[in-house]
Number of protein chains: 2
Amino acid sequence: MNAPQPALELARFAPEPAPAPLADLVPFLAAERDLVPPVALTRRLAARAAIYRAGDTAEFTYEMIDGGAILWTMLPDGRRQILQMIGPGDVFGFAALDQHDATAVTTVTSRIRVVPIAQSTRSMAGQSMLLHQALDRIHALQAHALLLGRMTALERVAHFLLAAFRPSGPTDPLAKDDGGRIRLFVTREEIGDYLGLTIETVSRNLGKLRKSGIIALDHADRIRLIDRTGLAAIAVPAGDHA
Amino acid sequence: MNAPQPALELARFAPEPAPAPLADLVPFLAAERDLVPPVALTRRLAARAAIYRAGDTAEFTYEMIDGGAILWTMLPDGRRQILQMIGPGDVFGFAALDQHDATAVTTVTSRIRVVPIAQSTRSMAGQSMLLHQALDRIHALQAHALLLGRMTALERVAHFLLAAFRPSGPTDPLAKDDGGRIRLFVTREEIGDYLGLTIETVSRNLGKLRKSGIIALDHADRIRLIDRTGLAAIAVPAGDHA
DNA sequence: CGGCCGATTGAGTTATGTCAAAGCAAGTGG
DNA sequence: CCACTTGCTTTGACATAACTCAATCGGCCG
């Protein structure tokens, strides 16, 4: 469980030519950000592009129009925890009002609306919106803490799948195809880093769900949901508690 | 790792005579909450008293004046995850604007300031305060996700101790005595449920830190910090990452 | 003093991690 | 168009950290 090979880790997580964070791509905003309200613009990003990185000054909030991204923190030795899978409709980047404490990277080609933070915090409506977003985030993080601290690998994977099969509501990092079949836009490693597991454990437990007839894996990233009730039963283990 | 004995769990977590949530103790606030600003009052609670429970209507925010509390969620089968250890200065109870998604219980005799939510959200200053509190919470929950998902038992215990030995800043569930010696107000079980470990693992790793001369355990709940640097080195494993 | 509750310690089990070898698609260059 | 490379996934064999079960210890309170 301890320190992996640094060189390898570095190669894996540092997008090689180190693409400039989005904030750098829109420096002109710095001048405009104190002007009239609707100062916001939409940018298109390629897959695996950094939106911002831990340590960057937090100057903007972002809204995922379409596409997907992941948000993560990591330990100095490279162990990584993915904190959120960002999908259409999600607002992010407001975690701290000074410096980002995590890194956000797209998983697929995405369109993102960029809004200066100052603009959001100025109006009552903006503040209220941010507060609601923040409370949602707290709720989700608390649920995730329960998952990371107290659930088995199988339960975690079931949870992930259940979220993935939600009818394309906000916060899914994947697009739903036709009836019940989805395409995953995240690798096993990302699923593992989200669930606090290794890729092998993720793979084995997906296999277990396949063998028990709850899902079908047409291909590594094409999954069909066969037995939603069964999946839900695993995700939320019934207990005779009051 | 699965479902423990329900009867036992129930007995452990349900404060026997089921004390009324704080909200019930101050029903008169319901009438006053729309009046002039400084409608807020301080209440004193005994140790192990419920402040609110998951499912209760969220009508108030709370500020711990002095004392301590823990905040938790649990699975239907009784597995519990403690989400926060609340100490003097901490504001809590605002996690959702409709229903509480967690349960808050004092660990020691406490004084708590109770403020109607409506009052906090009305003014710009109140909203701004809540937003800041929420962002702090997000930051802490993200750090905790990294701990739960990616750290070893020893690292988790080291983290907990480091937080416990912080100079009585907000968010410690324990009071500092004299130089470097603290008294813990939480049981091993609570530490375990906070760190995603069992009591035995907590105990063994405290023992390990004791044997390596980093802390001294005068008594189960009296700890002396001998080597802060050593403790910090364990909590944040050095890595040669960029 | 005796009982009780929490903590510690020991012994054995197991879920998950680690290391390593294939397997499989998709892409690339000859 | 095919052989090769590449990157991700799957599967197997093995190691181990953490859990489980159980006994003992140690304050504390009546």
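Proteins get letters first, then strands, A, B, ... in listed order; numbering begins at 1 in each.
The interatomic distance linking A/Arg183 (CZ) with C/dA25 (C1') rounds to 12 Å, in whole Å. Taking atom CG of residue B/Asp193 and atom P of nucleotide C/dA7, one finds them 12 Å apart after rounding to whole Å. Regarding B/Asn205, its CG atom lies at a distance of 15 Å from the P atom of C/dG10, rounded to whole Å. When rounded to the nearest whole Å, the span between CG of B/Leu184 and P of C/dG6 equals 15 Å. Across the protein-nucleic acid pair, B/Arg156 atom CZ and D/dA18 atom P stand 7 Å apart, rounded to whole Å.
Heavy atoms of B/Ile199 sit nowhere under 4.0 angstrom from any nucleic acid atom. No contact: B/Leu206 has no heavy atom under 4.0 Å from any strand. B/Gly196 comes within 4.0 angstrom of the backbone, heavy atoms only, and of no base.
Checked by distance alone, A/Arg222 brings no side-chain donor or acceptor within 3.5 Å of a matching partner on the base of D/dT9. Between the side chain of A/Glu190 and the base of D/dC8 there is no donor-acceptor pair of N/O atoms closer than 3.5 Å. Side-chain atoms of A/Arg210 and base atoms of D/dT9 include no donor and acceptor less than 3.5 Å apart.
If you look at A/Tyr62 and A/Tyr52, their ring centroids are closer than 6.0 Å.
The distance from the CZ atom of B/Arg224 to the CG atom of B/Leu217 is 9.5 Å, given to the nearest 0.5 Å. A/Leu154 CG to A/Thr201 OG1: the interatomic distance, rounded to the nearest 0.5 Å, is 11.5 Å. With rounding to the nearest 0.5 Å, the separation of CE in B/Met64 from CZ in B/Arg113 is 13.0 Å.
The side chain of B/Leu197 sits closest to D/dA18 out of D/dA18, C/dG17, D/dT9. Nearest to the side-chain atoms of A/Thr198 among the listed nucleotides C/dT18, D/dT11, D/dC8 stands C/dT18.
Close to D/dA18, at under 4.0 Å from its OP1 or OP2, lies no side-chain N or O of B/Thr201. Within the 4.0 Å cut-off from OP1 or OP2 of C/dT8, at least one side-chain nitrogen or oxygen of B/Arg188 is found.
Taken residue by residue, residues 213-221 of chain A places heavy atoms nearer than 4.0 Å to DNA chain C at A/His219.
A heavy-atom distance below 4.5 Å is not found between the side chains of A/Arg204 and A/Lys208. Between B/Thr73 and B/Leu83, some side-chain heavy-atom pair lies under the 4.5 Å cut-off. Proximity of A/Leu148 to A/Arg156: side-chain heavy atoms (C-beta onward) are separated by under 4.5 Å at one or more points.
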